Amino acid sequence: MSSTSLEEAIAKRGEQRLADLYWRHVNDAVRLAFLLTGDQHAAEDIVQDAFVRLFGRFQDLRSAEAFDIYLRRTVVNLSCDRFRRLRLERDHAARANSPEAQPEAHSQIEDRELIRRTLQRLPHRQRAALVLRFYVDLSEQQTAEVLQCSVAAVKSLVSRATASLKEQLRGEGQ
Amino acid sequence: MNDIDHRITAFLHDEAERASLPTGMYPRVLRRAKIRRLVTATTSALAIVGLVMGGIVTAGALRSPPPAPPIGPAESPTPQDQSTGPKTVVGQGTVSGQRWRLLAYGSDSELCVDLDLGGGSGGGCGFDVPGRRDLGLSVGSQSGLSKTIIHGVVSRRVATLVVALDDGERIDVDIIESSDDFNVNFFVAFLPPDAKGSVEASGNQGTVLQKDRLRSLSKLRDQKAFIEDVLDDHKLTAYYPESWNRASERLTPELDQPTELVSIGTGELIAGGRDCVQIPERAIEAFGPADALVTLQEVGETADFPDRPKTFGAEDGDVPESSACLANADDILFRVFRFDDGGRSFLAYVAIGNSASAQTREQVWGILDSFIVCDPNSPPGDCL
């Protein structure tokens, strides 16, 4: 095999590997990004960026499990960056706190809307911890790995997030 | 799980179903990834990219301590390194009658910092500060301005920044404190032309948190792309030039204690030996006069060696007793370095042919400076 065709073959294998990883993880990644941002377009942008970043880094990936961890971590970090850059959290909280955004009556639909709004108002890392624990179903240890913090910090993030939600739901339910 | 946990879980699962799953994204991912790889010519997604723009040449070192090998300057800014957040002026001033501005912004490659100077600009991204490093350094120059220009970021743990030139002069560098938008502080300094020395970042108590060498631009320009090799089995990541090869098998097959982790060389990597099992005897004896080889071995038990030096150099190594085993001992520089890093103990053997180029010698020390030692219990793929 000539060196050019060898390079082409290696490149082909690399692309196939990316394709495998992409199709295996893309839907979960988009759902995760969507839950973190509440925005479909932002979620797609973030996931696209995450795959582009990881493509080079994981060309020699030996463990699919490692890719999973890094993809989640990258999605969480990019979501966080996006909020920080665009200051959407502040804007969104301001909108959510406006009088017209308040529910008029408590019902199941409004309960969901209330949870959605409260989640969006949570600090990003609290929201990420909640999503990783309750949606992705990661253990506290795995969540700590994704968020790059201690298990104790994860417990604290989840505890504060659920306390906020509880308070909101109680307040609205009364 | 209590009621509130159930409600959150149910909500999140329902909510996730609202997300439309992407169609047509994959070709875009592939196209962007290819562009990224073509331009950076490296497998590292966190590489700093030196830019050549408007006469300023800059390049940075990646991930330290210790610093990884630098990436060669790109020809032009890349789509993925375009600003994705607003550029913020974090510092400005005048040097030799020219106005400069230091700009920071977020991009695909994490935090980016550009120095605008006299109509030109250059910079880097992905300094990994405050993650793994306390100091992210770019070194540059500009035609028409007889200065070595350094700029970059420091973690907020850094209280003082000093350039210690090899001639003994010490230059204090002002740290530019930034707003909360950036979790780092910044710096710019204009040094004498062709400055050689180190930049030392120290904490409040005067402890040196990180020390990076000023690498000369001529060396950086000669550098080619580096390979990032994550050795999960050994919890080690090695960086080496594409023109080098990693041995596919242990070059010291009969050596049990210590254990060879990785060998990287420019020449033919032949395993085995005749007289000394502890060194890659055959590979070194097969050396061409300009070849070089680095072998890293781990001692099974912590040997209480000195801490790993920030930078390696021939003067810090010992001449191994096993050099007597080599038929070509007079034709090479052969050194051993003993050091501890991350609670692990290592031996690094270095062999450099007497006719090896300055670039090859520089690459040898770059390889030793840049490999990353990880916790033996770190997850697979985490040693980056």
Side-chain angles (χ1 to χ4, degrees), chain A residues 11 14-15 18-19 22-23 26-28 30-35 38 40 43-44 47-49 51-63 65-67 69-70 74 77-78 81-82 84-86 111-112 115-116 119 130-131 133-137 145 148 158 161-163 165-166 169, chain B residues 1-22 25-26 28-37 40-47 80 84-86 105-111 131 180-183 227-233 379-382 384:
Chain A
E15 284 179 20
L18 174 67
Y22 175 86
W23 291 115
V26 65
N27 289 350
D28 286 345
V30 169
R31 289 189 182 109
L32 172 62
F34 180 72
L35 289 175
Q40 177 70 33
E44 289 188 21
V47 170
Q48 186 179 144
D49 287 350
F51 273 105
V52 171
R53 276 187 178 204
L54 294 178
F55 175 56
R57 193 172 178 179
F58 282 85
Q59 191 192 32
D60 298 319
L61 182 74
R62 290 180 178 81
S63 162
E65 189 186 348
F67 186 87
I69 292 170
Y70 271 93
T74 308
N77 288 342
L78 289 174
D81 288 350
R82 175 178 178 276
R84 192 184 62 222
R85 279 201 304 267
L86 303 179
D111 183 56
R112 291 170 51 80
I115 295 176
R116 181 178 295 122
L119 273 174
L130 217 56
V131 170
R133 287 284 288 126
F134 292 122
Y135 172 69
V136 187
D137 203 23
E145 284 170 15
Q148 295 179 287
V158 171
T162 49
L165 275 167
K166 216 180 274 182
L169 290 171
Chain B
M1 197 177 265
N2 58 34
D3 176 55
I4 188 78
D5 293 352
H6 276 299
R7 286 167 77 180
I8 296 168
T9 305
F11 168 81
L12 290 172
H13 279 89
D14 289 348
E15 187 77 351
E17 292 305 313
R18 291 179 56 228
S20 310
L21 298 178
M25 187 199 289
Y26 182 66
R28 290 199 300 275
V29 168
L30 196 59
R31 189 173 61 249
R32 286 183 58 200
K34 276 182 177 172
I35 292 168
R36 189 183 186 92
R37 285 181 56 75
T40 61
T42 174
T43 56
S44 168
L46 291 175
Q80 68 277 11
T84 54
Y105 57 97
S107 85
D108 276 1
S109 306
E110 307 283 1
L111 176 65
D180 289 339
D181 288 348
F182 301 104
N183 192 25
I227 291 169
E228 180 183 68
D229 217 335
V230 181
L231 306 170
D232 270 336
D233 293 346
D382 207 36
L384 285 165

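Side-chain atoms are counted along with the backbone in the values below, which use heavy atoms only and exclude waters and symmetry mates. Order of the sequence lines fixes the chain letters, A, B, ..., with proteins taken first and strands second; residue numbering starts at 1 for each chain. Keep in mind that what you see is a predicted model, and the values were worked out from it rather than measured.
The shortest heavy-atom contact between B/R7 and A/I115 is O-CD1, 4.2 Å. Smallest separation of non-hydrogen atoms from B/L12 and A/L35: O-CD2, 3.7 Å.
Contact of A/E44 with chain B is made through backbone and side chain together, with heavy-atom distances under 4.5 Å. With a 4.5 angstrom heavy-atom cutoff, A/Y135 touches chain B via backbone and side-chain atoms both. Heavy atoms closer than 4.5 Å to chain B are found in both the backbone and the side chain of A/L130.
The ring-ring contact (aromatic ring centres under 6.0 Å, His included) check on B/F11 picks up nothing, with sequence neighbours excluded.
You'll find the side chain of B/E17 reaches within 4.5 Å of the side chain of A/R31, heavy atoms only. Between B/R18 and A/R116 the shortest side-chain heavy-atom distance falls below 4.5 Å.
Checking each of A/T162, A/V131, A/V158 against B/I8 for a side-chain contact (heavy atoms from CB on, under 4.5 Å) leaves exactly one that passes, namely A/T162.
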